[in-house]
K.L.:
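Take this structure first; my questions come after.
Lettering follows sequence order; numbering is per chain, from 1.
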Number of protein chains: 2
Amino acid sequence: MATRIEDVAAHAGVSVKTVSRVLNGYANVRTNLRARIEASIRELNYVPNASARSLAGNRSYLVALLYDNPTAVSSYIMDVIVGVLQACKETPYNAVLHPFDAADDLAARIDGFVAQHRPDALVLVPPHANNAKLLQRLHELDIRYATISSKLRESCIDIGFDERKAAADIVSHLISLGHQRIGHITGLKGHGARTWRRSGYRDALRKAGIAYDESLVVDGDFTFASGVVAAKALLDHDRAPTAIFAANDDMACGVMREAYERGLSIPGDLSVCGFDGTPVSQLISPGLTTVRQPCREMGCAAVESVLQAIRDPAMSQQERLPYQLQLRGSSAAPGKS
Amino acid sequence: MATRIEDVAAHAGVSVKTVSRVLNGYANVRTNLRARIEASIRELNYVPNASARSLAGNRSYLVALLYDNPTAVSSYIMDVIVGVLQACKETPYNAVLHPFDAADDLAARIDGFVAQHRPDALVLVPPHANNAKLLQRLHELDIRYATISSKLRESCIDIGFDERKAAADIVSHLISLGHQRIGHITGLKGHGARTWRRSGYRDALRKAGIAYDESLVVDGDFTFASGVVAAKALLDHDRAPTAIFAANDDMACGVMREAYERGLSIPGDLSVCGFDGTPVSQLISPGLTTVRQPCREMGCAAVESVLQAIRDPAMSQQERLPYQLQLRGSSAAPGKS
DNA sequence: CTGACAAATGCCAGCGATGGCATCTTCGCA
DNA sequence: TGCGAAGATGCCATCGCTGGCATTTGTCAG
């Protein structure tokens, strides 16, 4: 039914093996022959059969993206996915998405997944990227992988950005506007992001010589609802902050909701900053000041690095991508309407 | 390296073929044998190699999701993706995402894709779902597919929901609140969604006996920016509407932005409704009244139907899924603060 | 108990590509 | 001009599994 390599070989008058060489980019094919074969390929509209290739070559041309939370894909993951797909587009590799429930014993389930699909490489995002047992197992299985995280672990391929500094930057922005009492809503316990962003918050205060006030730091869990609850607490404070830095955009929206309910004007009565740069940050009014995480770029870079590592197995690489402060209407000098 | 079917056969003391029968769910295997083989499979942690299976069986166990707009995955697509992945999880099938630029000549490019991956089924979302040339080519190639659209074409598998009625419902909601002058911002020309939603808008007006006023209908293109522009036009109208129904949530956010800039209160001075039920509709303040499209459910249903059609090739099926009106703070009786 | 038929099981080829090795060219240099 | 090495090309086995058909086992009526 479809064209096979054999057809191409016959059409070009060469052996199957030579066509295979051209397909796989081997050097030792005479220039004119290569041209003839390439012409035949185009003419016959030949595309190699992925299954046969994978079976014979013991390569799958598959890059698997493992992520958590199969029921609600965050815009974070979405953006990473876009980057991954984009990076694959330029290569013979294809992406497979695989939601893996973090609750499961991943280290055990990964074997089945690998046996079935034999991906040539994996890309892991948090929290899997920080699952030591999983990484351990991947080493045992000798599978190349890239992690996307801000940990920047050595001896692996790890793509990230400087979350701590980004958080510090955004808080410094608030300080430069004149804010002295700045509240912070943290992320979910156990997530690296929680720690990095809170550390950045403290860094900025320290740098500005502002005393750290523990009562201005409230636990959140990255959800909108937790942002609302935390905002209530902060706004009920007897010396309420004039600005709030939420550890992500959803919680910042929660703060804006609570401000709305109380009739507080933003940024007149309260400045609000988020983190992530999700679509909502642009759509909400006023626009939300935030940090855009380079999600797409990280997805892209992860795939590129890990594919490069297939060619040069010795490679290990840590890469920090640039982030962007996005200053919008939700932050302004305190007390200004 | 990994376990093969041969190992399982040896372990269970049967032929490879019999193991294959068990794997593929053939009926004619004696019960005790089947149990023994299943035990061996579990014990050895055996998972069939997908490439070999696909090559030998001329089936790929792949469902491909074709979508447009590779640079910015909309939350619509993302939700469909979640549904598709979810539906695959229960089956031996896997999903492959394939962004296809609508600008390209799809009907031509599809051949290469099919030759390479031999997906057993395709799922198409708009605008590809309405690309007649593409569908034609798929018929020629004899590839099963499901479309997700509200067109509900006969003789195909088509999953959708009643967009027109949903739009009418939401406008009726505004009317029931007491609004008489209701503006509408349309979707992008050429999109079915534009037509259906506008028709629903007219249906609701007609049903309520409100004259259709063309000057209250302004072109948009589904983007936030176009929402802002359209809102300016409507609010500058010498008899400005008291409510605006935007054909999607992003444009509704644009309306809210323009209201914010003008110091208009929502819903006090202006009620706003969107369409889609994207995450932003919950995060924004006040919450946006909208229609939640059953995206995830549609993705799920599309896969289920098309896989069913593989078993029963004669099947064709149209399914309309329920949508949900989500009434939130952005809509209220006119003139009420 | 036997024969005939149905059900269960096994054997072997083949899916479409690549890898290893054998063979054939080409080319440089004595 | 001839020879050897390097480079180009081809042949055949093989990857792990399923399909078709042959063979074995089981069942039941006569």
K.L.:
Output the rounded distance in Å from OH (Y61(A)) to P (dG16(C)).
P.N.:
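Going from Y61(A) (OH) to dG16(C) (P), I get 18 Å.
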K.L.:
Roughly, in whole Å, what's the span from CD1 in I41(B) to P in dC17(D)?
P.N.:
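Between P of dC17(D) and CD1 of I41(B): 11 Å.
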K.L.:
Counting only heavy atoms and a strict 4.0 angstrom limit, can you tell me which residues of residues 13-21 of chain B come near DNA chain C?
P.N.:
V14(B), S15(B), K17(B), T18(B), R21(B)
K.L.:
Show me the pairs that pass salt bridge (Lys or Arg N to Asp or Glu O under 4.0 Å) and involve residues 3-23 of chain B, at least two apart or across chains.
P.N.:
R4(B)-E6(B), R4(B)-D7(B)
K.L.:
Would you mind listing every salt bridge (Lys or Arg N to Asp or Glu O under 4.0 Å) that reaches into residues 119-139 of chain B, with sequence neighbours excluded?
P.N.:
D105(B)-K133(B), D111(B)-R137(B), R137(B)-E140(B)
K.L.:
What class does the angle between the rings of F113(B) and F100(B) fall in, given that below 30° is parallel, 30 to 60° is tilted and above 60° is perpendicular?
P.N.:
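Aromatic pair F113(B)/F100(B) classed perpendicular.
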K.L.:
Provide, to the nearest angstrom, the distance between the CZ atom belonging to R53(B) and the C1' atom belonging to dG16(C).
P.N.:
19 Å
K.L.:
Round to a whole Å and report the spacing from CD1 of I37(B) to P of dT9(C).
P.N.:
8 Å
K.L.:
Rounding to an integer number of Å, can you tell me how far E6(B) CD sits from dG10(C) C1'?
P.N.:
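The answer, rounded to whole Å, is 14 Å.
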K.L.:
If I compare all heavy atoms of C88(B) with all of N94(B), which pair ends up nearest, and what's the gap?
P.N.:
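Of all heavy-atom pairs spanning C88(B) and N94(B), the closest is SG-C, 4.1 Å.
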K.L.:
In whole angstrom, what separates Y26(A)'s OH from dA6(D)'s C1'?
P.N.:
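In whole Å, dA6(D) C1' and Y26(A) OH are 18 Å from each other.
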K.L.:
Give me the ring orientation class for H139(B) and Y145(B): parallel if the planes are under 30° apart, tilted from 30 to 60°, perpendicular past 60°.
P.N.:
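Perpendicular: the ring planes of H139(B) and Y145(B) meet at over 60°.
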K.L.:
How would you label the contact of L55(B) with the nucleic acid (heavy atoms, under 4.0 Å): base, sugar-phosphate, or nothing?
P.N.:
base
K.L.:
Look at the side chain of R30(B) and decide which nucleotide, out of dG16(C), dT9(C), dT9(D), has an atom nearest to it.
P.N.:
dT9(C)
K.L.:
Under 30°, 30 to 60°, or over 60°: which ring-plane class applies to Y93(A) and Y61(A), parallel, tilted or perpendicular?
P.N.:
tilted
K.L.:
For V8(B) and V19(B), work out which heavy atoms get closest and say how close.
P.N.:
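Where V8(B) meets V19(B) most closely, the heavy atoms are CG1-CG1, 3.9 Å.
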K.L.:
Could you tell me the separation between the CG atom of N24(A) and the P atom of dG16(C), rounded to a whole number of Å?
P.N.:
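For the pair N24(A) CG and dG16(C) P, the rounded distance is 17 Å.
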K.L.:
Name the closest nucleotide to the V29(B) side chain, picking from dT9(C), dA17(C), dT18(D).
P.N.:
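Nearest to the side chain of V29(B) among the choices is dT9(C).
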K.L.:
Taking atom P of dC17(D) as reference, at what distance in whole Å does atom CZ of R118(B) sit?
P.N.:
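Atom-to-atom, R118(B) to dC17(D), this comes out as 20 Å.
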